[in-house]
Amino acid sequence: MSRDYFGSLASPVETAEIKKDERNMATEGPAVRRVQVAEHPRLLKLKEMFNSKFGSVPKFYVRAPGRVNIIGEHIDYCGYSVLPVAVEQDMLIAVEPVKTHVLQLANTNPLYPDFSTSANNIQIDKTKPLWHNYFLCGFKGIQEHFGLSDLTGMNCLVDGNIPPSSGLSSSSALVCCAGLVTLTVLGMNLSKVELAEICAKSEHYIGTEGGGMDQSISFLAEEGTAKLIEFSPLRATDVKLPSGAVFVIANSCVEMNKAATSHFNIRVMECRLAAKLLAKHKCLPWEEVLRLEEVQAKLGVSLEEMLLITEDTLHSEPYGPEEICRCLGISLQELKTQILSPNTQDVLTFKLYQRAKHVYSEAARVLQFKKICEEAPDNTVQLLGELMNQSHVSCRDMYECSCPELDQLVDICRKFGAQGSRLTGAGWGGCTVSIVPADKLSSFLANVHEVYYQRSNRSLVPEKQSLFATKPGGGALVFLEA
């Protein structure tokens, strides 16, 4: 497989200078690297396309990677730690600041039309998750963070090789890339942690009530290691993955756009409501509780105890809005205006028990996964695989974020040698991630390719985008032409 695109760009050219002590991560900004553009075919092609589009050359380039979440699905927005790695697929943007106040955006993919707007009047249409709106989220996040009103314009050409709507976080990578582009144009400085927090918050402009995992790993990733990402305060800890196994991504070829569907935001609200009902039952100040993790923290109990409390407190039948109002002692109007997000106000059933059970059990699996990686017993790969399998079952049955194609793909991956396989990303389509013993990799890839992709029209999707081994890549960077 050719690693010519950014694999070479993000290689550890200046690792000694860049890889500083982890304690510095809170203060250190993204690395700036000087590169010979002519030596990197993807950058060179982008520079040439930029020149033919805008009649000038880029002043700098920014890349931000996508990610695969190894374990810890749908729990970042509940306050719990997750365990992602950055993939080598990324968003790459060529940038030229201009004297006008016009933001001109173009994409190397002809499916994504050009867009231009005033840099001082950013409007983001939540009803249409168009590609340029993700750029505008990052731009607006930085603009608002510094309280700036008179912004310079820029010409930007975007080149992404993360498959869209695949659960590998192409949208967040674009938000992060745009945030770093804007910061660089302004000549301002922010740490990776600050950038991640700003970009996580600003992605909400598009209507997705996500947590901060995708933006955090895009900035905090380091080559060769997974990261345990914890929230409030945001921090990242290295997790060394086992050397005898490879993580393989397989695309179900079912697309799911989080911002275009309500599934995702309904799950966020179900978790919020479950947290409030659990808090009320335990006589905690439920009005201020938003996340399931806060209930655990306030009670000072273990995740296992939270599972028992969930069993005792919540019933498995769906809750209607009226019952939730009775439990909390509030009116329907208060529920809709003070708790639910605008796009979930008309939902009639909420599965609180199932969602809370998934979150607390998945949060425990993340911690077990990290512990096994640290202790590295002889059967590490088998134990990690079992946790990944349990995660998929919980996502499928308790969180109901799988789909028939993902379930089929997970079964095929396990059949052909994966010790564990699960959906990754939001679900309802997108990708699976599997842990495969290194000595079984080539037969695994051949068999999965034949059974899932070749026996259907799915082989129309380019193979390198649908089935590939991945290794932990580095985070967002700024490139200057040497």
*Is the gap between the ring centers of Tyr77 and Phe264 under 6.0 Å?*
yes
*Pair Glu323 + Arg326: basic N to acidic O under 4.0 Å*: no
*Which heavy atom in Cys403 sits nearest to a heavy atom in Trp428, and how many Å separate them?*
SG-C, 4.1 Å
*Say whether, by atom type as modelled, one donor and one acceptor occur between the side chain of Glu293 and the main chain of Cys78 under 3.5 angstrom.*
no
*Looking only at heavy atoms, what is the nearest atom pair of Leu292 and Tyr80, with distance?*
O-OH, 3.9 Å
*asked:* Closer than 3.5 angstrom, by distance alone: can the side chain of Thr184 be matched with the main-chain N or O of Leu180 as a donor-acceptor pair?
replied: yes
*Do Glu28 and Lys192 sit within salt-bridge range, that is, some charged N less than 4.0 Å from a carboxylate O?*
yes
*Taking Thr225 for the side chain and Val239 for the main chain, is one N or O donor matched with an acceptor at less than 3.5 Å?*
yes
*Can Asn265 and Thr344 be counted as having a side-chain donor-acceptor contact under 3.5 angstrom?*
no
*Sub-3.5 Å donor-acceptor pair from the side chain of Tyr319 to the main-chain atoms of Leu352, do we have one?*
no
*Working to the nearest 0.5 Å, report the span between CG of Leu136 and OH of Tyr205.*
11.5 Å
*Answer with yes or no after comparing the ring centroid distance for Tyr112 and His132 against a 6.0 Å cut-off, counting only values under it.*
no
*Passes side chain to side chain donor-acceptor pair (under 3.5 Å), Asn155 versus Glu96? Steps please.*
CA-CA 5 Å; Asn155 295 332; Glu96 178 196 24; 3.1 Å; yes
*Glu311 versus Tyr353, side-chain donor and acceptor atoms under 3.5 Å*: yes
*Under the side-chain contact (heavy atoms from CB on, under 4.5 Å) criterion, do Val181 and Phe139 qualify, and how do the steps go?*
CA-CA 8 Å; Val181 162; Phe139 182 87; over 6 Å; no
*May I ask you to decide if Pro163's main-chain N or O and Ser166's side chain share a donor-acceptor pair within less than 3.5 Å?*
yes
_Looking at every non-hydrogen atom in both residues, tell me the closest pair between Ala275 and Val289 and how far apart they are._
CB-CG1, 3.8 Å
*Which of these passes side chain to side chain contact (heavy atoms under 4.5 Å, CB included) with Arg67: Ser216, Ser172, Pro84?*
Pro84
*State, to 0.1 Å, how close Phe350 and Glu270 come at their nearest heavy-atom pair, and which atoms those are.*
CA-OE2, 3.5 Å
*Are any of the side-chain heavy atoms of Cys156 and Val95 separated by less than 4.5 Å?*
yes
_From Phe247 atom CZ to Thr424 atom OG1, the distance as rounded to the nearest 0.5 Å_ = 11.0 Å
_Donor-acceptor pair, side chain of His204 and main chain of Glu209, under 3.5 angstrom_ = no
*Without swapping roles, check the side chain of Lys227 against the backbone of Leu83 for a donor-acceptor pair under 3.5 Å.*
no
*When rounded to the nearest 0.5 angstrom, what distance separates CD in Gln354 from OG in Ser394?*
10.5 Å
*At what distance, to the nearest 0.5 angstrom, does CD1 of Ile142 lie from CE of Met188?*
9.5 Å
_Gln123 and Asn121 side chains, donor-acceptor separation under 3.5 Å_ = yes
*Give a yes or no on whether the backbone of Ser252 and the side-chain of Glu405 come within a donor-acceptor separation of less than 3.5 Å.*
no
*Would you say the side-chain atoms of Glu362 and Tyr399 include a donor-acceptor pair closer than 3.5 Å?*
no
*If every non-hydrogen atom of Ala119 is compared with every non-hydrogen atom of Thr152, which pair is closest and at what distance?*
CB-O, 3.8 Å
*Test side-chain contact (heavy atoms from CB on, under 4.5 Å) on Leu409 and Val448 and set out the steps.*
CA-CA 8 Å; Leu409 185 50; Val448 173; 4.2 Å; yes
*asked:* If you define the side chain from C-beta out and look only at heavy atoms, does anything of Ser402 sit under 4.5 Å from His392?
replied: yes
_Do Arg291 and Gln296 make a side-chain contact, defined as non-hydrogen atoms from C-beta onward lying under 4.5 Å apart?_
no
*Determine whether the side chains of His101 and Ser118 contain a donor N or O and an acceptor N or O closer than 3.5 Å.*
no
*asked:* If only side-chain N and O atoms count, and only distance matters, is there a donor-acceptor pair under 3.5 Å linking Arg422 with Ser391?
replied: yes
_Return the CG to CD1 distance between Leu340 and Ile266, rounded to the nearest 0.5 Å._
10.0 Å
*asked:* Counting C-beta onward and ignoring hydrogens, is there a side-chain heavy-atom pair between Ile324 and Leu277 closer than 4.5 Å?
replied: yes
*asked:* Quick check for you: to the nearest 0.5 Å, what is the distance between Asp90 atom CG and Ile162 atom CD1?
replied: 6.5 Å
*Does the side chain of Tyr360 reach to within under 4.5 Å of the side chain of Val295, using non-hydrogen atoms?*
yes
*How far apart are the C-alpha atoms of Glu73 and Cys401, what are their side-chain angles, what is the distance that settles it, and do they pass the side-chain contact (heavy atoms from CB on, under 4.5 Å) test?*
CA-CA 10 Å; Glu73 220 56 77; Cys401 61; 5.5 Å; no
_Atom NZ of residue position Lys201 - does it have more than 12 heavy atoms of other residues, nucleotides or ligands inside 6.0 Å?_
no
*Check whether any side-chain heavy atom of Leu335 sits under 4.5 Å from a side-chain heavy atom of Gln345, and report yes or no.*
no
*Is there side-chain contact between Val102 and Ser116, with at least one heavy-atom pair below 4.5 Å?*
yes
*Is there a donor-acceptor pair closer than 3.5 Å between any side-chain N or O of Arg63 and the backbone N or O of Ile93?*
no
*Is any side-chain heavy atom of Asp312 less than 4.5 Å from a side-chain heavy atom of His281?*
no
*What are the two closest non-hydrogen atoms of Val85 and Pro472, and how far apart are they?*
CG1-CG, 4.0 Å
*Would you check, one step at a time, whether the test side-chain contact (heavy atoms from CB on, under 4.5 Å) holds for Met388 with Val433?*
CA-CA 9 Å; Met388 291 171 71; Val433 60; 4.0 Å; yes
*asked:* Given Glu400, which partner from the list His263, Lys351, Arg267 fulfils the side chain to side chain donor-acceptor pair (under 3.5 Å) test?
replied: Lys351
_Between Tyr452 and Cys413 (side chain of the first, backbone of the second, donor and acceptor by atom type, cut-off under 3.5 Å), is there such a pair?_
no
